[in-house]
There are 2 protein chains.
Amino acid sequence: MVKYKKAERQRLLQLYIERDPFLTDEALAKSLNVSIQTIRLDRQVLKIPELRARIKAVAKEVDEIKSIMLEDIVGDILNVKLNESGTSVFTVEETHVFNNKTITRGHFLFAQANSLCVAMINVPLALTKSANIEFKKPVHLGDRVVAHAKVVQTIGKIATIKVESFVEDSLVFVGDFEMYFKNEGEVE
Amino acid sequence: MVKYKKAERQRLLQLYIERDPFLTDEALAKSLNVSIQTIRLDRQVLKIPELRARIKAVAKEVDEIKSIMLEDIVGDILNVKLNESGTSVFTVEETHVFNNKTITRGHFLFAQANSLCVAMINVPLALTKSANIEFKKPVHLGDRVVAHAKVVQTIGKIATIKVESFVEDSLVFVGDFEMYFKNEGEVE
DNA sequence: GCCTCGTTTAGTAGTTGGTACTAATTCAGT
DNA sequence: ACTGAATTAGTACCAACTACTAAACGAGGC
């Protein structure tokens, strides 16, 4: 039942809402031991939006994240000549780097290359059979990674694709991918 | 300005809300060319909650999704003997498979193996230098993938790790990873 | 003591996006 | 033309606010 001073109360308010954006003014008023009006004044000066707006913002964020996660593709694919060549651009964001570091986790570079290979094969479903990859240089937060892929050969149901990824002019990743053409309804 | 029949309208209603949960009854009423009351009756029979509840439900997913995405690790890592061996378990969910198919996108299997290799190296930051991987069999939605990793040799700043991933007793993925020990503050 | 200014609280009206309900109207099929 | 289902209209109520005015409180200065 402590009464905080204005500054401390506003600091706590901010903290509480950051920790749990689902708190109503009423709940906040009770836990900070002031009236609802005070909470509203505080929110106003701190420019914290109301509960519904906060929830909406969180939900919008989730939507974006989900749509990114549900994509088959990592990176934006450009200039695909089916069964020939293709290019993909991928910009490294916070979610792609190691915690509190700036170096990109390798599997995103692999995923970009792999996605590009899948997209270049003109069949309903192409699966990666094998890959031989090399990480040439660390890639950092904010880097724009451009992957170039070329089909080297196609024998029967297997295509061999060479991928080279660059940040600016420096080679960061190379990979040889063997892609397998899977027919619809095929038994595995 | 078409008026749909009841069944068709309710089908569309469901579809619209699934595609965009942020639609108000008013907006839905306009696009389906009926009154707000009809939309509310429809929602009631279809057991679709109101806008705020829908948004809230979406927002509540945030913690799970975010924590999954912000993790450095794909899969749960068990039994790690540093610089020796390790095991990781990864269950394939909807987000990991190709759209409307059941086959896992290869880069998640790679990511699992790669994450496990990173976790097994007892330095502040281990980077993948190269990998030689093979996808032996397609992995499906719901499959529980167990990856076993063994350090084969360590020479200087490079460790070689062999990873084998299984679904039940069948080998689905093998990979040889070269991991590079990155010292703190090292220039790249 | 009293005065004052900043802070807090109280109270009112209005908003959004609903629920829950009743009653009236429209439409479709016989 | 009638009937039952479907639709629309209308009302009261709710949560969680915004925006505003006004009153009460409280600590420091003279």
Side-chain angles (χ1 to χ4, degrees), chain A residues 1-70, chain B residues 1-67 69-70 94:
Chain A
M1 284 293 147
V2 204
K3 277 249 176 190
Y4 301 103
K5 288 182 193 160
K6 194 177 176 182
E8 174 67 359
R9 187 190 61 225
Q10 294 189 343
R11 198 186 60 78
L12 286 171
L13 182 72
Q14 192 120 40
L15 193 76
Y16 290 173
I17 291 177
E18 266 163 36
R19 277 202 322 224
D20 180 7
F22 294 85
L23 294 168
T24 62
D25 287 354
E26 202 185 350
L28 290 161
K30 274 176 190 161
S31 69
L32 291 170
N33 204 26
V34 286
S35 69
I36 286 186
Q37 282 76 2
T38 304
I39 296 296
R40 289 180 180 160
L41 284 173
D42 285 349
R43 268 201 303 102
Q44 205 161 31
V45 302
L46 296 172
K47 289 175 184 169
I48 297 170
E50 62 163 300
L51 174 67
R52 282 119 153 189
R54 294 194 307 262
I55 293 177
K56 211 168 173 173
V58 173
K60 283 255 162 84
E61 207 183 323
V62 174
D63 256 25
E64 285 166 42
I65 292 172
K66 262 195 165 176
S67 71
I68 288 167
M69 285 198 72
L70 290 170
Chain B
M1 283 293 147
V2 203
K3 277 249 175 186
Y4 301 102
K5 289 183 191 159
K6 194 176 177 183
E8 174 67 0
R9 185 190 63 225
Q10 294 189 345
R11 199 185 61 77
L12 286 171
L13 182 73
Q14 192 120 40
L15 193 77
Y16 290 174
I17 291 177
E18 267 165 35
R19 277 205 320 226
D20 179 7
F22 296 86
L23 293 167
T24 62
D25 287 355
E26 203 186 348
L28 290 161
K30 275 177 189 161
S31 69
L32 291 171
N33 204 25
V34 286
S35 69
I36 286 186
Q37 280 78 1
T38 303
I39 295 296
R40 287 180 181 160
L41 284 173
D42 285 349
R43 270 201 302 102
Q44 205 162 29
V45 302
L46 297 171
K47 290 175 183 168
I48 298 170
E50 63 162 299
L51 174 67
R52 280 112 150 192
R54 293 194 309 261
I55 293 177
K56 212 168 174 175
V58 174
K60 281 261 157 89
E61 286 176 56
V62 77
D63 294 335
E64 301 155 39
I65 292 173
K66 263 195 166 174
S67 70
M69 285 212 71
L70 291 171
E94 281 82 0

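Order of the sequence lines sets the chain letters (A, B, ...), proteins ahead of strands, with each chain counted from 1. Values below: every heavy atom of this structure, side chains too, minus hydrogens, waters and symmetry copies.
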Taking only side-chain N and O atoms of B:T38, does any of them lie within less than 4.0 angstrom of OP1 or OP2 on D:dT8? yes
Among D:dT7, D:dA19, C:dT8, the one nearest any side-chain atom of A:Q44 is D:dA19
Using a heavy-atom cut-off of 4.0 Å across all strands, would you classify A:Q37 as base, sugar-phosphate, or nothing? base
In whole angstroms, how far is the C1' atom of D:dT8 from the CZ atom of B:R40? 12 Å
Using side-chain heavy atoms (C-beta onward) and a distance below 4.5 Å, is A:R54 in contact with A:I48? yes
Among C:dT8, D:dC17, D:dT8, which is the nearest nucleotide to the side chain of A:L51? D:dC17
If you compare every side-chain N and O of A:R43 against the phosphate oxygens of D:dT18 (OP1, OP2), does one of them come in below 4.0 Å? yes
Between atom NZ in A:K56 and atom C1' in C:dT16, what is the gap in whole Å? 10 Å
What is the distance, to the nearest angstrom, from the CG atom on B:N33 to the P atom on D:dT7? 12 Å
When you check the phosphate oxygens OP1 and OP2 of C:dT8, does a side-chain N or O of A:R9 lie under 4.0 Å from one of them? yes
Rounded interatomic separation in angstrom, taking CD1 from A:I48 and P from D:dA16: 18 Å
Ignoring backbone atoms, establish whether B:S35 has a side-chain N or O less than 4.0 Å from OP1 or OP2 of D:dT8. yes
Checking all strands, does A:L41 fall into the base, sugar-phosphate, or nothing category for heavy-atom contacts under 4.0 angstrom? base
More than 12 heavy atoms of other groups within 6.0 Å of A:E8 CD: yes
Using side-chain heavy atoms (C-beta onward) and a distance below 4.5 Å, is B:R43 in contact with B:R40? yes
Contact check, side chains of B:D25 and B:L51, non-hydrogen atoms, under 4.5 Å: no
Do A:K56 and B:F22 touch side chain to side chain, with heavy atoms closer than 4.5 Å? yes
Can you tell me how far C1' of D:dA16 sits from CD1 of A:I17, to the nearest Å? 13 Å
Side-chain donor or acceptor of B:R52 under 3.5 Å from a matching atom on the base of C:dG17? yes
Length of the CD-C1' vector between B:Q10 and D:dT7, whole Å: 12 Å
C:dG29 C1' sits how many Å from B:K5 NZ, rounded? 13 Å
On DNA chain D, more 5' by nearest nucleotide between B:K6 and A:D25 is B:K6
Does B:K3 put a side-chain nitrogen or oxygen below 4.0 Å from OP1 or OP2 of D:dT8? yes
When rounded to whole Å, the CD1 to C1' distance for the pair B:I36 and C:dC21 reads 17 Å
